[in-house]
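Note that the structure is predicted; figures quoted are calculated from it, not measured.
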Amino acid sequence: MSDERRKPFPFDVFESKWQDHWDQNHTYRTPNPGDADFDASKPKYFVLDMFPYPSGAGLHVGHPEGYTATDILARYKRMKGFNVLHPMGWDAFGLPAEQYAIKTGQHPRVTTETNINNFRRQLKSLGFSYDWEREVNTTDPGYVRWTQWIFLRLYHSYYNPETQKSAPISELEAKGYTREQIDAERLAFVSEAPVNWSPDLGTVLANEEVEEWKAKGHTVERRPLRQWMLRITKYAQRLIDELEDVDWPDSIKASQRNWIGRSEGASVSFKIAGVTQEIEVFTTRPDTLFGATYMVLAPEHPYVEEITTEANKEAVEAYQQGCLSKSDLERGDLNKNKSGVPTGAFAINPANGKEIPIWIADYVMMGYGTGAIMAVPAHDERDFEFAQKFELPIIQVVASPDSVGGHSAGCDCELEKAAPGHGVAVESGFLNGLPTHAAKAEMIQWLEKEGVGSQQINYKLRDWLFSRQRYWGEPFPVLWEEGKHFAVSEDELPVLQPDLEDFKPTGSPEGPLAKATDWIQYSETAKRETNTMPQWAGSCWYYLRYCDPKNEEHFIAPEIEKYWSGEKGMVDLYVGGTEHAVLHLLYARFWHKVLYDQGLLSTPEPFDKLVNQGLILGEDGQKMSKSIGNVVNPDDVVNLYGADSLRLYEMFMGPLEQVKPWQMKGVEGVSRFLAKVWRVVMVQNQEGEWASSGKVSAEAELSNAMRKTLHETIKKVGEDIEAMKFNTAISQMMICVDSFTKAEKVPLDTFLDFLRILNPFAPHLTEELNLLVSPEAGLLCQQDWPEYQPEFLIETEVEVVLQVNGKLRGRITVSKEASKEEVEALALADENVIAFTDGKTIRKVIVVPGRLVNIVAN
RNA sequence: GCCGCUGUGGCGGAAUUGGUAGACGCGGCGGAUUUAAAAUCCGCUGUUCGCAAGAACGUGCCGGUUCGAUUCCGGCCAGCGGCACCA
């Protein structure tokens, strides 16, 4: 006791005591429909945290930020009579978990379990009210089984463009589709396209993941490989449209729209001189077709070889070779320095019949549109730059609105830069004189009439690369026989990875599972798929499993799914970081919609309301990092100040969504506040022992002032929790406690009301104090949220501010009931007002009842 | 470049439908208590001028609307985040 810093209140004694109590009594168990204690009359509330992935480093202070916010909501809603689903689990597959295992030389299952135990201990030490009986772990065989089951739903489904929904593939079988035709329609399919292969990670990556891993110093290159893909592109439009229906931050919605990247335009077919094929291009500016003076193909475009003339062959092949060796980064860096070579072939501009040269250049990407463009240098910055460099013709076909009068058709003044803006069509035959918008429509109509093009919508979104060459992931429930894939039957799930001694990546596209020769050989003729699923597979649907985590018949029982679903989304509130803006949050929406289409879910969206907590920076205002040494460990904070202080501080720092720096002094501040609450009930004697202060008493009388403060506090804290403005809720509670500290006596009921509203924030301290002042009452967290009485908030007298010409000049106290005229008369009689209006004429008097009087005088 | 967000004391941040700018906390200063310190309690604390009463200025900058603008409108500037040769 001697060395140890004397604790301002004995949180070290009671916090773990209450945690054990809640654990042993299953205090936060949430009944499901069908359970004996289920109460169908209670409304449901599903409040979800982004489940962590249990790294070896343990929790950082960013985790408890969002987790405390949701815990406050969960506890508040329970006290308001809701049946609250507030679960926690582990996103335990994935590259980092496996890398950690490789680094420590242990099997991933062992390290993962160790890490999970540490995370669970840490979370429990913060007093979160999770229903731990619903804990979910993505690596559990019982969970993997259903992840694979959902994969099979995707495998056995296609997207029906007529209904705009996914449907069983058997519909196509019934229509007599061939095996190849069916395989080409599956939502989970095999593709040979170029993918992002990381040689040092030994796996491929999704487009969405590439940047993250590159930032960590890994190399990623394009390489054609046979991979499993999910046809998320079919859902592009719905993924955009249905964002309208959810209550998400604008920035996340914008990121998703941006990532999906819808653009409207037209496809145009160009004939090639002397060759039978046509080349199709996509353009958002069909109105500029008359200005297309050359064409560019991506170096990888399949027609390049065929159309290249003998004379250009060598240069073209050299250029293609050069592009292959360039990394994406180099290609991006060369941004400002365009390169390319002519193929020697010519295309025919369908608008005017002119022959235009066909070039190849790496500023055209194979992955977007058709991998070919019509270049309109006058009205596109990139084409302009390219045309200047290679001295290709530049023809202006859109006059800017402000120069239409000056020079119309036939102007040969040279453009100094591209004019990508809208204007009026010139030099464009039948489009002349039309403003851009109308010219686009007119051209599309013409293209369709002539049969050389059509209206088209393009998306940047690519299909989701879904396979990884890893050990620590869900194996695909797929078999290969004579070069064809077949689904494993549902009753064979889960397909678990074999135990391997050596689970390190092979560096080959087959992955570590290829080493398990016995496991691979499913039967004499059939072999197993050796790829595994990405980490996202498990996190795509974990929120669903929480509803019914132990069900062995269904991934979620229909009646339970219905109960926990809302109107638009299933989860009422989802809190987490912004890093998943286009990853997890897009993937989960996609899976949810597929399952919704098939009648397995009741809502089109998974998450109704989404809130992003802001990053917590180090004390120095920089991002926390081990190398800078500014990382704050929550365990240390709990040891020094207690879990309640950590919870309260993280909520008091500022608005949840905001980025904010950590301040240890601030933790001390809220710790002082909690100590003050403690000392309302307890006093410390000379020996440092705590004893009842006798201040809180059932006989004490409630003063009007204290009653008003209490009711103001009940009102404000309730409203602030609903609005997730926890920082201001805490300020108000500080004001309330100040009034207790200053008072002689505090009535017991008043104090208990206060404890109830503080309970969601500081559950340990409040339960302990409740036990001390009201030992018979039972758990505070199971009591009702107090109601405030509006009549106690009403003031009989109000202070009215006096302004002269908008400047504060005085204040008077008037009765609440005083009429405008009375207030005005009092204001004009005020000596300060008289002093400042002296010698001036009063032009106008504005009276805002209960607030101010403004006198306009000059 | 495009999209989104944010600019308020020494610091984190408050401020309802436009109506007292700076709640609450941190830090600082002064006092009480103490042999002394810690802890605790009380008071002060936007800037400038003034002995004071008080006055002027003040929410990134410039302008507008208004009796009145941190709040609404227009134009800039700075910072943060995302996307980026996407045709």
Hey, does [X] reach any base, or is it just sugar-phosphate, or nothing, if we go heavy atoms under 4.0 Å?
X: Gln658(A); result: sugar-phosphate
X: Ser251(A); result: sugar-phosphate
X: Gly669(A); result: sugar-phosphate
X: Val659(A); result: sugar-phosphate
X: Val856(A); result: sugar-phosphate
X: Arg679(A); result: sugar-phosphate
X: Pro249(A); result: nothing
X: Lys623(A); result: nothing
X: Phe836(A); result: sugar-phosphate
X: Glu799(A); result: base
X: Ser263(A); result: sugar-phosphate
X: Ile252(A); result: nothing

For [N] versus [M], give the span between their [atom1] atoms, rounded off to a whole number of Å.
N: C83(B); M: G10(B); atom1: C1'; value: 38 Å
N: C26(B); M: G13(B); atom1: C1'; value: 11 Å
N: G63(B); M: A69(B); atom1: C1'; value: 13 Å
N: C72(B); M: C51(B); atom1: C1'; value: 44 Å
N: G64(B); M: G18(B); atom1: C1'; value: 15 Å
N: A78(B); M: A21(B); atom1: C1'; value: 23 Å

Does the cation-pi check pass for Arg589(A) over Trp248(A), that is, NZ or CZ under 6.0 Å from the six-membered ring centre and within 45° of its axis?
yes

* Within 45° of the ring axis of Phe386(A) and under 6.0 Å from its six-membered ring centre, is that where the NZ or CZ of Lys338(A) lies? ->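 No, Lys338(A) and Phe386(A) do not form such a contact.
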
| said: Using O4'-C1'-N9-C4 for purines and O4'-C1'-N1-C2 for pyrimidines, with syn meaning within 90° of 0, is G9(B) syn or anti? | reply: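 G9(B): syn glycosidic orientation.
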
- Message: Using a 3.5 Å distance criterion without hydrogens, assess whether the side chain of Asp644(A) forms a donor-acceptor pair with backbone atoms of Leu765(A).
- Response: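 The answer is yes, because a donor-acceptor pair under 3.5 Å joins these two groups.
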
Between the side chains of [Y] and [X], is the shortest nitrogen-to-carboxylate-oxygen separation below 4.0 Å, so that they form an ion pair?
X: Glu712(A); Y: Lys716(A); value: no
X: Glu719(A); Y: Lys715(A); value: yes
X: Lys676(A); Y: Asp738(A); value: yes
X: Lys660(A); Y: Glu65(A); value: yes

side-chain N/O [X] vs [N] OP1/OP2, d < 4.0 Å:
X: Arg809(A); N: U20(B); value: no
X: Gln684(A); N: A39(B); value: no
X: Lys742(A); N: C42(B); value: yes
X: Lys665(A); N: G27(B); value: yes
X: Lys807(A); N: C57(B); value: yes
X: Thr578(A); N: G82(B); value: no
X: Arg851(A); N: A15(B); value: no
X: Arg257(A); N: C83(B); value: no

Rounding to an integer number of Å, can you tell me how far [X] [atom1] sits from [N] [atom2]?
X: Met664(A); N: C11(B); atom1: CE; atom2: P; answer: 21 Å
X: Glu719(A); N: A23(B); atom1: CD; atom2: P; answer: 21 Å
X: Met295(A); N: A87(B); atom1: CE; atom2: C1'; answer: 12 Å
X: Tyr459(A); N: A87(B); atom1: OH; atom2: P; answer: 13 Å
X: Leu808(A); N: G46(B); atom1: CG; atom2: C1'; answer: 16 Å
X: Lys716(A); N: C24(B); atom1: NZ; atom2: C1'; answer: 10 Å
X: Arg262(A); N: C2(B); atom1: CZ; atom2: C1'; answer: 18 Å
X: His379(A); N: C85(B); atom1: NE2; atom2: P; answer: 23 Å

| Criterion side chain to side chain contact (heavy atoms under 4.5 Å, CB included) against Leu297(A), the qualifying member of Ile358(A), Ile373(A), Thr370(A), Val281(A) |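 Single pass found, and it is Ile358(A).
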
message = For Ser267(A) versus Glu280(A), what's the shortest heavy-atom pair and its separation?
response =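 Reported closest heavy-atom pair: CB-OE2, 3.7 Å.
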
Examine the side chains of Tyr649(A) and Ser671(A) and answer whether a donor and an acceptor come within less than 3.5 Å of each other.
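Checked: Tyr649(A)/Ser671(A) side chains show no N/O donor-acceptor pair below 3.5 Å.
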
* Asked: Can you find a donor-acceptor pair, distance only, under 3.5 Å between Asn854(A) side chain and C67(B) base?
  -> yes

RNA chain B in dot-bracket form (Watson-Crick or G-U pairs under 3.5 Å, [ ] crossing, | inter-strand) is (((((((..(((......[....)))((((((.......))))))((((....))))..(((((..]....))))))))))))....

